Amino acid sequence: MEKPTLRQRTHDCNGLREEHIGEGALLMGWVAGIRDWGGALFLDLRDRYGITQVVFDASRDKELLDRVSSLRSEDVVAVTGAVSKRLKANDKIDTGAVEVLAEDLYVFSRSEVPPFPVRDETNAGTEIRLKYRYLDLRRPVMQRTLVTRGKIAHFVRNILFDESFLEIETPFMVKYTPGGARNFMVPSRLQPGMVYALAESPQIYKQLLMVGGYDRYYQLAKCFRDEDPRLDRQLEFTQIDLEMSFADDEDVMDTVERLFVRLWQNLGLSFTEATFPRLTWQEAMDRYGTDKPDMRFGLPHVILDDFARGSGIGILEDAVAQGRMVKGLVVPGRAAEFSRKILDELTATVRREEVGPAKGLIWLKVEGSGELKGPVAKLMSPEIQTALCDRLGMHDGDLLFIIADEPKITHKAMDFLRRDLAARLGLIGAGMFAPLWVVNFPMFERSEEGQWVSSHHPFTHPSPADLPLLNTPRQGEVKSLAYDLVINGNEVGGGSVRIHDPAIQAQVFTALGIGDEEAERLFGFLLEAFRYGVPPHAGFAAGLDRLVMIVTGTDSLRDVIAFPKTVSGTDAMTGAPTAPGAPQLKELGISLAPPQRSV
RNA sequence: GGGGUGGUAGUUAAGUCGGUUAUAACGCCGGCCUGUCACGCCGGAGGCCGCGGGUUCGAGUCCCGUCCACCCCGCCA
């Protein structure tokens, strides 16, 4: 047959159904598999839409059967034939009721033997998958993920367009500013010895767009941060970035909430709550030990400092006396499922470096009406035992865990314990999406050197009620008009009201130890812009990659990005980064340290 | 920057106390087979055991170094 083109293709590989029986079809795709029976041969033809079975029959065309028997996996072919009802349907594929009785075949290209099978069930390691990424991307599960990613991007654009947002691109190559994430640098040829930074976010540009009068801006913005990659972090990632003028925190949260509810609807999903619940940062820390709690299950923490004080348990009384924090967590009704072995395992877990490390884990089982069992129970009088049960509303069969440690460690270890227990007890239902706004974040935190630094960024508006505390000894108590959106324990995005009053901005810079001169040098252009009529504004940015992870239930960020980098920042397929040659360096006016590895 | 796990056939893994020809599954190649769909059956090929050094009569195995991948802490969203 002559080389066919797309115009002649009648269906994709998921297009044929019983209604097409008797019609002719011309399909194109990859050979996903061949089952050769000698007298007959079954060929699975695959494209990104699905799989269709093509049958070659010796009794119909022996010459064609001979030709097709030379085909191998991943060859690219076109096939013509008659759509026919299968003798026995295959309900695993959408086209399983029909097959194509082949009449002719055209081979577009041949494939070498692939290094791993192009199937969902591959157990190929990360390295080989990234090296042959184009084959990995051909796997249906990867294609489904990227299709979902494409849909999300499309829906977000549609929804924001409907809400009068305008998509505007901002530069990748920007002015280098210290602080926050480490920047990638791009040497300038035209300005020898000078560098651009790759934008870690469009933050300043989107605020300048507000000054420019574009009162509702958004962008699916690529961001670059030179920090160590993780399972859920890459050097390059994409943000759904937006900013609104004349808007306060409630306006932004309303808008973002509508965006997410509509996005979920478009994806055929739904949230556990019609309106997104809110917690203050302090409530989140007290009840869950983290600023991004997973709300798909309960098991809240209870602060037990007051109980610890008179508990009769020496280690708890000492802990409180030394300013440590005592937290409890009740597992209702399922104490019997926790053997001594499991409890010992949990104790070992909270002692691990990356979990706490907590000094220990106290557990108490409730038996009967208010009687406690456990290693420290005998230290508590019956009255205190009953009081504790009453206080926590515990009954027969409940299990209580207690950790007493430095506040930071108590929070961290109890957060881990809560999530571990939820998984252990099977409390997390499939297909659940539990949203949460966390609000009222601290404005500042202490750096390692003891300096005050912004929790969010220096343009975040302090809570108006806390303004008098700026540049006072109580500065650490200042909260900000910042908000984070959390879904299933993942920080999906965050934003804040921005400062548009130069006087407040000056106070915040002072609070951060940034002098007038330094502020002028770093952000002078922004401060100048604000002198020409700046609307009050506020915004939000969501991590698109993480959003796709949550929606598709993927556990690695690499699996929602077409061409991700390895954990050491290399591209396994292209070999980037590479060492430049001397002529390139000379042109750029820079010199480099010798590479630490061969390239 | 720190800690951990791993690297053996194309892929995924096993390999005991240091000992003869390094094993399996899938894939690949050849043969048989007309209703399979992870087809089946028979046969076969395929190895710098990551790399470099060391210990030893002898190293996939023990030691040192190094590179790569992955996971975690720091950092960061």
Side-chain angles (χ1 to χ4, degrees), chain A residues 32-45 51-60 62 65 69 72-74 84 86-93 95-96 99 101 112-132 135 179-183 200-201 203 221 223-241 291-292 352-357 412 416 447-448 456-457 484-486 490-495 541-547 555-558 565-570 572 575 595-599:
Chain A
I34 291 172
R35 293 171 295 280
D36 187 350
W37 275 72
L41 182 149
F42 303 91
L43 184 153
D44 288 338
L45 194 65
I51 285 183
T52 301
Q53 174 165 285
V54 184
V55 186
F56 297 81
D57 189 332
S59 67
R60 293 164 60 91
K62 182 69 167 61
L65 181 65
S69 59
R72 295 295 180 263
S73 287
E74 305 310 319
S84 163
R86 286 210 202 183
L87 297 181
K88 193 168 69 179
N90 178 356
D91 54 14
K92 288 179 193 165
I93 55 176
T95 62
E99 62 193 359
L101 298 179
E112 291 186 15
V113 177
F116 56 87
V118 179
R119 282 209 306 261
D120 283 355
E121 317 80 56
T122 184
N123 48 5
T126 308
E127 202 169 0
I128 198 87
R129 285 179 54 201
L130 290 183
K131 183 173 179 190
Y132 299 94
L135 293 178
R182 205 176 284 123
N183 287 274
E200 57 183 88
S201 84
Q203 182 60 37
C223 303
F224 306 87
R225 294 181 188 175
D226 189 7
E227 301 291 350
D228 290 13
R230 286 289 154 77
L231 191 62
D232 60 349
R233 270 165 37 188
Q234 281 271 314
L235 303 180
E236 322 178 36
F237 61 100
T238 307
Q239 279 190 348
I240 303 168
D241 189 52
D291 60 5
K292 47 176 184 174
R352 269 166 35 206
E353 178 68 31
E354 68 269 26
V355 173
K412 190 174 161 192
F416 187 93
S447 72
E448 266 177 37
H456 195 54
H457 56 63
D484 272 6
L485 178 60
V486 177
N490 299 282
E491 186 197 330
V492 164
L544 175 64
D545 315 271
R546 283 186 184 174
L547 198 55
D555 57 12
S556 169
L557 197 65
R558 281 188 297 269
K565 298 206 169 25
T566 68
V567 76
S568 54
T570 63
Q596 300 300 299
R597 64 181 178 92
S598 57
V599 287

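Each chain gets a letter, A, B and so on, in the order its sequence line appears, and its residues count up from 1. Note that this is a predicted model, so its numbers are computed, not measured.
Comparing B/G15 with B/U20, their C1' atoms sit 16 Å apart, to the nearest whole Å. Across B/G10 and B/C29, the matching C1' atoms stand 13 Å from one another, rounded to whole Å. Using atom P as the reference point in both B/C75 and B/G6, the two lie 28 Å apart (nearest Å). When the P atom is compared between B/C42 and B/A25, the two are found 11 Å apart, to the nearest whole Å. Comparing the C1' positions of B/A38 and B/A45 gives a spacing of 23 Å, expressed to the nearest Å. Separating the C1' atom of B/G46 from that of B/U11 is a span of 13 Å, rounded to the nearest Å. B/G52 and B/U5 have their P atoms separated by 24 Å, given to the nearest Å. A gap of 31 Å separates the P atoms of B/G60 and B/C71, to the nearest Å.
By the side-chain hydrogen bond (donor to acceptor under 3.5 Å, both in side chains) test, A/E121 pairs with A/R119, sequence neighbours left out. Taking the salt bridge (Lys or Arg N to Asp or Glu O under 4.0 Å) definition, one finds that A/E74 meets it with A/R46, A/R138, sequence neighbours left out. For A/D484, there are no side-chain hydrogen bond (donor to acceptor under 3.5 Å, both in side chains) partners, not counting sequence neighbours. For A/T566, the side-chain hydrogen bond (donor to acceptor under 3.5 Å, both in side chains) criterion is met by A/S568, A/T570, not counting sequence neighbours. By the ring-ring contact (aromatic ring centres under 6.0 Å, His included) test, A/F224 is found to be paired with A/F172, residues two or more places apart in sequence or in another chain being considered. With sequence neighbours left out, A/R35 forms a salt bridge (Lys or Arg N to Asp or Glu O under 4.0 Å) with A/D44. Contacts of A/R182 classified as side-chain hydrogen bond (donor to acceptor under 3.5 Å, both in side chains), with partners at least two apart in sequence or in another chain: A/E227.
Rounded to whole Å, the distance from CD on A/Q53 to P on B/U34 is 16 Å. Rounded to whole Å, atom P of B/C37 lies 14 Å from atom CG of A/L41. At whole-Å resolution of the value, CZ in A/F42 and P in B/U36 are 7 Å apart. Distance A/L135 CG to B/U11 P: 13 Å, rounded to the nearest Å. Following rounding to the nearest Å, A/K131 (NZ) and B/G7 (P) show an atom-to-atom distance of 19 Å. Rounded to whole Å, atom P of B/G7 lies 15 Å from atom CD1 of A/I128. What separates NZ of A/K62 from C1' of B/U34 is a distance of 13 Å, to the nearest Å. Computed from coordinates, the A/R72 CZ to B/G30 C1' distance equals 10 Å when rounded to whole Å.
As judged by a 4.0 angstrom heavy-atom cut-off over every strand, A/I93 is placed among residues making no nucleic acid contact. Within the 4.0 angstrom heavy-atom criterion, no nucleotide atom of any strand lies near A/P117. Residue contacts shown for A/F116 are absent, as no nucleic acid heavy atom lies under 4.0 Å away. A/G96 comes within 4.0 angstrom of nothing in the nucleic acid, heavy atoms only.
Pair assignment for B/C62: B/G54, on the basis of Watson-Crick or G-U wobble contacts that are both within less than 3.5 Å. Checking B/G46 for Watson-Crick or G-U wobble geometry (two distances, each under 3.5 Å) identifies no partner in any strand. Within the shown strands, B/C26 is the pairing partner of B/G10 under the Watson-Crick or G-U definition, both distances less than 3.5 Å. Pairing partner, B/C76: none, since no Watson-Crick or wobble contact has both distances short of 3.5 Å. In a base pair of the Watson-Crick type (N1 to N3 plus N6-O4 or O6-N4) or a G-U wobble (N1-O2 and O6-N3), with each distance short of 3.5 Å, B/C70 is matched with B/G4.
Of the charged side-chain nitrogens involved, at least one lies within less than 4.0 Å of a carboxylate oxygen, so that A/E236 and A/K565 count as a salt-bridged pair.
Taking side-chain N and O atoms only, A/K88 has no distance below 4.0 Å to OP1 or OP2 of B/C37.
Looking at A/R225, its side chain does come within 3.5 Å of a backbone N or O of A/E200 through a donor-acceptor pair. Remark: side-chain polar atoms of A/T95 are paired, donor with acceptor, to backbone N or O of A/I51 under 3.5 angstrom. Of the possible donor and acceptor atoms, none in the side chain of A/R72 sits under 3.5 Å from a partner among the backbone N and O of A/V113.
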Scoring nucleotides 70-77 of chain B by protein non-hydrogen atoms under 4.0 Å (B base, S sugar-phosphate only, - none) yields BSSBBBBB
Do any N or O atoms of the protein come closer than 3.5 Å to N or O atoms of nucleotides 38-47 of chain B, and which pairs are they?
| unit_1 | atom_1 | unit_2 | atom_2 | d |
| --- | --- | --- | --- | --- |
| B/A38 | OP1 | A/K92 | NZ | 3.3 |
| B/A38 | OP2 | A/K92 | NZ | 3.3 |
| B/C39 | OP2 | A/R35 | NH1 | 3.3 |
| B/C39 | N3 | A/W37 | NE1 | 3.3 |
| B/C39 | N4 | A/D36 | O | 2.8 |

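Of the listed nucleotides (B/U12, B/C29, B/U36), B/U36 has the atom at the smallest distance from the side chain of A/R86.
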